[in-house]
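Accompanying notes for the structure given below.
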Amino acid sequence: MNKTPEPGENRSLNFIETIIEEDLKNNTYGGRVHTRFPPEPNGYLHIGHAKSICLNFGLAEKYRGLCNLRFDDTNPEAEDVEYVDSIKEDVQWLGFQWHKELYASDYFEQLYDWAEMFIREGKAYVDDQPADVISQQRKSPTEPGVESPFRDRSIEENLDLFRRMRKGEFAEGEKVLRAKIDMRSPNMHMRDPIMYRILHKEHHRTGNQWCLYPMYDWAHGQSDFLEGITHSICTLEFEVHRPLYDWFLDQITTDTYRPKQREMARLNLNYTIMSKRKLLKLVKEGYVKGWDDPRMPTISGFRRRGYTPESIRTFSERIGVAKRENVIDTAFLEHCLREDLNKRARRVMGVINPVKITITNFPEGQTEWLDAVNNPEDPEAGTRKVPFSGTLYIEQDDFMEEPHNKFYRLSPGREVRLRYAYFITCREVLKDDQGNITEILCTYDPETRGGDSPDGRKVKATLHWVSAEHALKTEVRLYDRLFRNENPDDVSEGEDFTVHLNTDSLQIKEAFTEPSVQGAKPLTHYQFERLGYFNVDPDSTPEKMVFNRTVTLKDDWAKIASKS
RNA sequence: UGCCCGAUGGUGUAACUGGCAACACGUCUGACUCUGGAUCAGAAGAGUCUAGGUUCGAGUCCUAGUCGGGCAACCA
């Protein structure tokens, strides 16, 4: 069997691992495995990048290899240090450490030297034509391209022109350097691809040192080569670039060592979008509050939302790696999240839609501090004290005046348990003039302190609650999916993905929580019992805690309720 | 009309050199429970894009199609 034992999980190899193990067996790279994660610093990383990060760094870990973080910064127009910083933070947050932090711009000089070599060998030429003419000459995929009239310039003239391009003697767009390959190639990328364009732009690292910038195809494979990369993993759309990737490498070296490009399908998630351009639009046009808005599929968004790096890594591992297009169900990501949070999140009680309960037979003015378990999944987490008194809040949903048969929470005459506290029985319901419930009067059984009845009496429901007098007023931000449509790109003529935006994706509420959460640090995870996982938002102040609802608990009752 | 990929339950991913299609999510039952959570047990759901062929035997090999995606930025 094609299996490799792994800690925790035992799964078969994905196609890239199969290739690597084959290379290891054949000693293709002297036993080396060296990958790289090559983001362009022109935006924030999203969950799709997380898949690539986990793959590249994960492969290096698994095969005791190395993984570089390499910024693909060949286009100064959109790139910025702000993005470099956020990318580094995100990679580290996911729990990975790069072997080296590198930049394609580190290789500008070497790339330039090779380009001159190309010219001297008659493999590259300076083209004076404007972009639209070059584009037209390339023709369409179904017909051969036309050669540029500048294609056969002399080596001397090319060299002179290219050097003057570097010196800044020409305006943007005036000249480009092209590789001389084959204008009739059925592969568009081989039709004399552009290697350099003139850009009089300041670069975030090289400043004004250059006005000549290499194109992706010219920079990427060469960077891989210079770094000793063995397996260069990218997404499917680069498949047609591979012949060019290999061609460039063939020109610069006769070594047997070659980095090899492999393509995998990118991650798609339903009910969300993954395009950087579209995410930018959401930010720029104010549909969300920023790149790290908890509704965004960015890594920083997930972090702020309360996702754990472990859950994202587990997710990335389990979705697998293949070449076919795929759309992963967001429910699967949420499953990985809940699985992780269930083990680590401390439980607390908080009430979001309160209704007042008065315990009529509870001693007036008295407070009792009851023991509550912090995490039933983790005995090490210990216990805490929770204040109980005669005036409480419970969730409106936990009371029904005329319950139907499946509802077994509080209702008139019925006894339920208050978690870690007492059994209470509903005696009377008070209403205002409009008939809205204003207060529920209950009695409690002092014998059931802690939540168990000495006579073995059973109740069907256990409710969470909070003591009114002791409750902390907090803000909770309830998030829902950003898009109503499973595929936000599924739009009719003239529309764009924003038509599917869920206008109700954020609901801000005031909630009452038990006092123990006061002062918790931003990003601390909690489970609000029976409601969901929440985490502390950085917007929290000493006066007002702010919580993000990361994800609800699985809720079978909600299914039953929605059916009836 | 060219070139390059891909196609397995609703969704993902598996199935060593051909040997009864498996796992996970989701869905549905039930058990248990001081969270209608967690946990546990079980069920339904594909005969592997189509048609031929090779073979005792094909998801795996061959042929021809079909469908889907990508490729014509001085973006990556």
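Since the structure is predicted, the reported quantities are computational estimates derived from the model, not experimental observations. So you know, we letter chains A, B, ... as the sequences are listed, proteins then strands, and number each from 1.
Atom name P, nucleotides rA43(B) and rA22(B): the rounded distance is 12 Å, in whole Å. Taking atom P in both rU48(B) and rU60(B), one finds a spacing of 9 Å when rounded to whole Å. If you take atom P in rG57(B) and the same atom in rG52(B), they sit 15 Å apart, rounded to whole Å. Look at the C1' atom in both rG18(B) and rU54(B): the space between them is 11 Å, to the nearest Å. If you take atom C1' in rC49(B) and the same atom in rC32(B), they sit 45 Å apart, rounded to whole Å. One P atom belongs to rG45(B), the other to rG2(B), and the distance between them is 43 Å to the nearest Å. Taking atom C1' in both rU17(B) and rU29(B), the straight-line distance is 43 Å, to the nearest Å. Rounded to whole Å, the P atom of rG37(B) lies 39 Å from the corresponding atom of rC16(B).
A salt bridge (charged side-chain N to carboxylate O under 4.0 Å, His left out) with Glu339(A) holds for exactly one of Arg318(A), Lys554(A), Arg344(A); it is Arg318(A). If you run side chain to side chain donor-acceptor pair (under 3.5 Å) between Gln137(A) and each of Gln129(A), Glu147(A), Arg191(A), only Gln129(A) comes through. A ring-ring contact (aromatic ring centres under 6.0 Å, His included) with Phe388(A) is found for one member of Trp369(A), Tyr420(A), Trp465(A) and no other, namely Trp465(A).
The residue Val321(A) sits close only to the backbone: its heavy atoms come under 4.0 Å of sugar-phosphate atoms, none of a base. Note on His189(A): only backbone sugar-phosphate atoms sit closer than 4.0 angstrom, heavy atoms only; bases stay farther off. Residue-level contact check: Phe238(A) touches the bases, meaning some heavy atom is under 4.0 Å from a base atom. Heavy atoms of Pro243(A) sit nowhere under 4.0 angstrom from any nucleic acid atom. Across all strands, Arg338(A) comes closer than 4.0 Å to no nucleic acid atom at all (heavy-atom distances). Note on Arg409(A): a base of the nucleic acid sits closer than 4.0 angstrom, heavy atoms only. The residue Asp217(A) sits apart from the nucleic acid: no heavy atom pair falls under 4.0 Å. If you check every strand for non-hydrogen atoms under 4.0 Å, Phe407(A) touches a base.
Rounded to whole angstrom, the span from the CG atom of Asp72(A) across to the C1' atom of rC75(B) amounts to 11 Å. Between His335(A) atom NE2 and rU13(B) atom P there is a gap of 17 Å when expressed in whole angstrom units. For Arg318(A) and rA22(B), the CZ to C1' distance is 17 Å, given to the nearest whole Å. Distance Arg197(A) CZ to rA73(B) P: 14 Å, rounded to the nearest Å. Regarding Asn187(A), its CG atom lies at a distance of 10 Å from the P atom of rA72(B), rounded to whole Å. Rounded to whole Å, the distance from OH on Tyr271(A) to P on rC25(B) is 20 Å. Taking atom CG of Leu553(A) as the reference point, atom P of rG36(B) lies 9 Å away to the nearest angstrom. In this structure, Met165(A) atom CE and rC74(B) atom C1' are separated by 10 Å, rounded to whole Å.
Pairing of rA43(B), defined by two Watson-Crick or G-U wobble distances under 3.5 Å, is identified with rU27(B). rA73(B): no Watson-Crick or G-U partner with both key distances under 3.5 Å is found in any strand. A 3.5 Å limit on both hydrogen-bonding distances identifies rC67(B) as the Watson-Crick or G-U partner of rG6(B). Pairing of rA22(B), defined by two Watson-Crick or G-U wobble distances under 3.5 Å, is identified with rU13(B).
Set against rA72(B), rC25(B), rG37(B), the side chain of Phe332(A) has rC25(B) as its closest nucleotide. Among the nucleotides rA15(B), rC71(B), rC75(B), the one closest to any side-chain atom of Met215(A) is rC75(B). Taking the side chain of Ser135(A) as heavy atoms from C-beta on, and the options rC74(B), rU35(B), rA73(B), the nearest nucleotide is rA73(B). For Arg419(A), whose side chain is taken as the heavy atoms from C-beta onward, the closest listed nucleotide among rG70(B), rU35(B), rA76(B) is rU35(B). When the nucleotides rC71(B), rC74(B), rA38(B) are ranked by their closest atom to the side chain of Glu377(A), rA38(B) comes out on top. The Ala331(A) side chain lies nearest to rG26(B) when the options are rC71(B), rC5(B), rG26(B). Here the side chain of Pro186(A) is nearest to one of rU35(B), rG2(B), rG36(B), namely rG2(B). Distances from the side chain of Lys559(A) to the nucleotides rU27(B), rG37(B), rU1(B) place rU27(B) closest. If you check rU35(B), rA38(B), rG2(B) against the side chain of Asn342(A), the one that comes closest is rA38(B).
With the nearest nucleotide of RNA chain B identified for both Asn375(A) and Val240(A), Asn375(A) has the one nearer the 5' end. Between Pro39(A) and Ser140(A), the one whose closest nucleotide on RNA chain B sits nearer the 5' end is Ser140(A).
In this model, no side-chain donor or acceptor of Glu239(A) finds a partner on the base of rG6(B) within 3.5 Å. Side-chain to base pairing of Arg324(A) with rU8(B): one donor and one acceptor N or O lie within less than 3.5 Å of each other. No hydrogens or angles were tested; on distance alone, a donor-acceptor pair under 3.5 Å links the side chain of Gln527(A) to the base of rU35(B).
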CA sep, side-chain torsions, deciding dist, call: Tyr125(A), Asp192(A), side chain to side chain donor-acceptor pair (under 3.5 Å)
CA-CA 9 Å; Tyr125(A) 61 96; Asp192(A) 289 10; 2.6 Å; yes
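Annotated as syn: rG47(B), whose glycosidic dihedral is within 90° of 0.
Side-chain N/O atoms of Arg530(A) include one lying less than 4.0 angstrom from OP1 or OP2 on rG36(B). Neither OP1 nor OP2 of rG36(B) sits under 4.0 Å from any side-chain N or O of Lys554(A). For Lys458(A), no side-chain nitrogen or oxygen approaches OP1 or OP2 of rU33(B) to under 4.0 Å. Contact annotation: Arg346(A) side-chain N/O to rU35(B) OP1/OP2 distance is not under 4.0 Å. OP1 or OP2 of rC75(B) has not a single side-chain nitrogen or oxygen of Thr74(A) nearer than 4.0 Å.
Looking at Leu102(A) and Leu69(A), their side chains never come closer than 4.5 Å, going by heavy atoms from C-beta outward. Inter-residue side-chain proximity for Met195(A) and Phe118(A) is flagged as met; some heavy-atom pair is nearer than 4.5 Å. Counting heavy atoms from C-beta on, the side chains of Asp80(A) and His204(A) never come closer than 4.5 Å.
Of the possible polar contacts, one joining the Asp555(A) side chain to the Ala558(A) backbone as a donor-acceptor pair under 3.5 Å is found. One N or O on the side chain of Thr330(A) and one on the backbone of Asn270(A) form a donor-acceptor pair closer than 3.5 Å.
The cationic group of Arg205(A) lies under 6.0 Å from the six-membered ring centre of Tyr103(A) and within 45° of the ring axis, placing it in a cation-pi geometry.
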